[in-house]
Amino acid sequence: MGSLPMRMGRAAGSEAERNRARDAAQPWRAWYKTRRWQTLRQDILKRDGFRCQATGVMLIGTYPAANSPVIDHKTPHRGDLALFWDPENLQAVSKAYHDGEKQRLERSGRV
């Protein structure tokens, strides 16, 4: 029995190279590396009690664990400075929720 053909090809280059290309195409990604974001991220985690606001799971994992915390923009900011920094637009969610259901919702245009 032969192997099945790949449906999608692998992205070229290393993960670091792909991240550099994404950073160049989306300059707002640098905002996530600021002290201001790290402080806001901790404030949101504390406000939300280190609990996923979508599923209720405790956010006690370490990246890349499914229960590691992700700060999610309820309304995608797409580079909008006001939406990016608005605490009311932010929620703590699990990596599993963010990388699964939330991404499906965004791709479908329902968010």
Side-chain angles (χ1 to χ4, degrees):
M1 182 183 262
S3 65
L4 296 174
M6 289 183 62
R7 293 182 71 193
M8 293 176 43
R10 285 195 182 4
S14 68
E15 182 175 356
E17 290 168 333
R18 289 189 301 275
N19 282 335
R20 278 192 294 277
R22 286 173 60 196
D23 288 348
Q26 301 167 327
W28 51 262
R29 286 173 47 97
W31 301 342
Y32 289 105
K33 298 176 182 128
T34 65
R35 182 178 305 254
R36 179 180 176 190
W37 173 257
Q38 292 304 315
T39 300
L40 181 57
R41 182 181 186 279
Q42 286 302 311
D43 291 345
I44 299 303
L45 286 168
K46 289 175 190 170
R47 180 197 71 194
D48 291 349
F50 287 84
R51 185 173 296 275
C52 178
Q53 299 303 292
T55 66
V57 71
M58 291 300 297
L59 303 174
I60 56 175
T62 302
Y63 179 86
N67 65 344
S68 63
V70 174
I71 301 304
D72 173 57
H73 290 87
K74 297 174 191 176
T75 300
H77 63 83
R78 294 186 175 90
D80 180 305
L81 197 61
L83 276 178
F84 184 89
W85 294 110
D86 180 6
E88 296 305 311
N89 189 41
L90 299 172
Q91 64 181 343
V93 297
S94 68
K95 180 170 176 17
Y97 173 79
H98 183 267
D99 293 357
E101 181 63 21
K102 178 64 186 248
Q103 295 303 309
R104 279 189 290 280
L105 289 170
E106 286 187 13
R107 282 192 301 270
S108 74
R110 292 185 289 173
V111 174

Determine whether a donor-acceptor pair (N or O, by modelled atom type, separation under 3.5 Å) exists between the side chain of Gln26 and the backbone of Ala24.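 A pair under 3.5 Å: no.
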Between Arg51 and Gly56 (side chain of the first, backbone of the second, donor and acceptor by atom type, cut-off under 3.5 Å), is there such a pair?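 Side chain of Arg51 to backbone of Gly56: a pair is present.
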Which pairs pass salt bridge (charged side-chain N to carboxylate O under 4.0 Å, His left out) with one or both residues in [range], sequence neighbours excluded?
{"range": "residues 59-69", "result": "none"}
{"range": "residues 52-61", "result": "none"}
{"range": "residues 54-63", "result": "none"}

Which heavy atom of [X] sits nearest a heavy atom of [Y], and at what distance?
{"X": "Ser94", "Y": "Cys52", "value": "N-SG, 3.4 Å"}
{"X": "Gly79", "Y": "Trp28", "value": "CA-CD1, 3.6 Å"}
{"X": "Glu17", "Y": "Ser14", "value": "OE1-N, 2.7 Å"}

Contacts of Asp80 that satisfy salt bridge (Lys or Arg N to Asp or Glu O under 4.0 Å) - sequence neighbours left out: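 If we apply the salt bridge (Lys or Arg N to Asp or Glu O under 4.0 Å) test to Asp80, skipping adjacent residues, there are no hits.
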Is [Y] reachable from [X] through a run of I, L, V, M, F, W or Y residues, each pair having side-chain heavy atoms under 4.5 Å apart?
{"X": "Leu81", "Y": "Ile44", "result": "yes"}
{"X": "Val93", "Y": "Leu45", "result": "no"}
{"X": "Trp31", "Y": "Leu90", "result": "yes"}
{"X": "Tyr32", "Y": "Leu83", "result": "no"}

For His98, what residues pass the side chain to side chain donor-acceptor pair (under 3.5 Å) criterion, not counting sequence neighbours?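 Partners of His98 by the side chain to side chain donor-acceptor pair (under 3.5 Å) criterion come out as none, since no residue qualifies.
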What residues, two or more places apart in sequence or in another chain, satisfy side chain to side chain donor-acceptor pair (under 3.5 Å) together with Asn89?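 None.
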For residues 33-48, pull every pair meeting side chain to side chain donor-acceptor pair (under 3.5 Å), keeping only residues two or more places apart or in separate chains.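 Listed once each, the pairs are Asp23-Lys33.
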Can you sort out the partners of Phe50 under ring pair (Phe, Tyr, Trp, His ring centres under 6.0 Å), two or more places apart, ordered by chain and number?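 Phe50 satisfies ring pair (Phe, Tyr, Trp, His ring centres under 6.0 Å) with no residue once adjacent residues are dropped.
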Show, in sequence, the C-alpha distance, side-chain angles and deciding distance for Arg104 and Glu101, and conclude whether the salt bridge (Lys or Arg N to Asp or Glu O under 4.0 Å) test is met. CA-CA 5 Å; Arg104 279 189 290 280; Glu101 181 63 21; 3.4 Å; yes
Sequence neighbours left out, cut at 3.5 Å: what donor-acceptor pairs do the side chains of residues 66-74 make with other protein atoms?
{"unit_1": "Asn67", "atom_1": "OD1", "unit_2": "Gly61", "atom_2": "N", "d": "3.4"}
{"unit_1": "Ser68", "atom_1": "OG", "unit_2": "Ala65", "atom_2": "O", "d": "2.7"}
{"unit_1": "Asp72", "atom_1": "OD1", "unit_2": "Lys102", "atom_2": "NZ", "d": "3.2"}
{"unit_1": "Asp72", "atom_1": "OD2", "unit_2": "Gln91", "atom_2": "NE2", "d": "2.8"}
{"unit_1": "Asp72", "atom_1": "OD2", "unit_2": "Lys102", "atom_2": "NZ", "d": "2.7"}
{"unit_1": "His73", "atom_1": "NE2", "unit_2": "Phe84", "atom_2": "O", "d": "3.1"}
{"unit_1": "Lys74", "atom_1": "NZ", "unit_2": "Glu88", "atom_2": "O", "d": "3.2"}

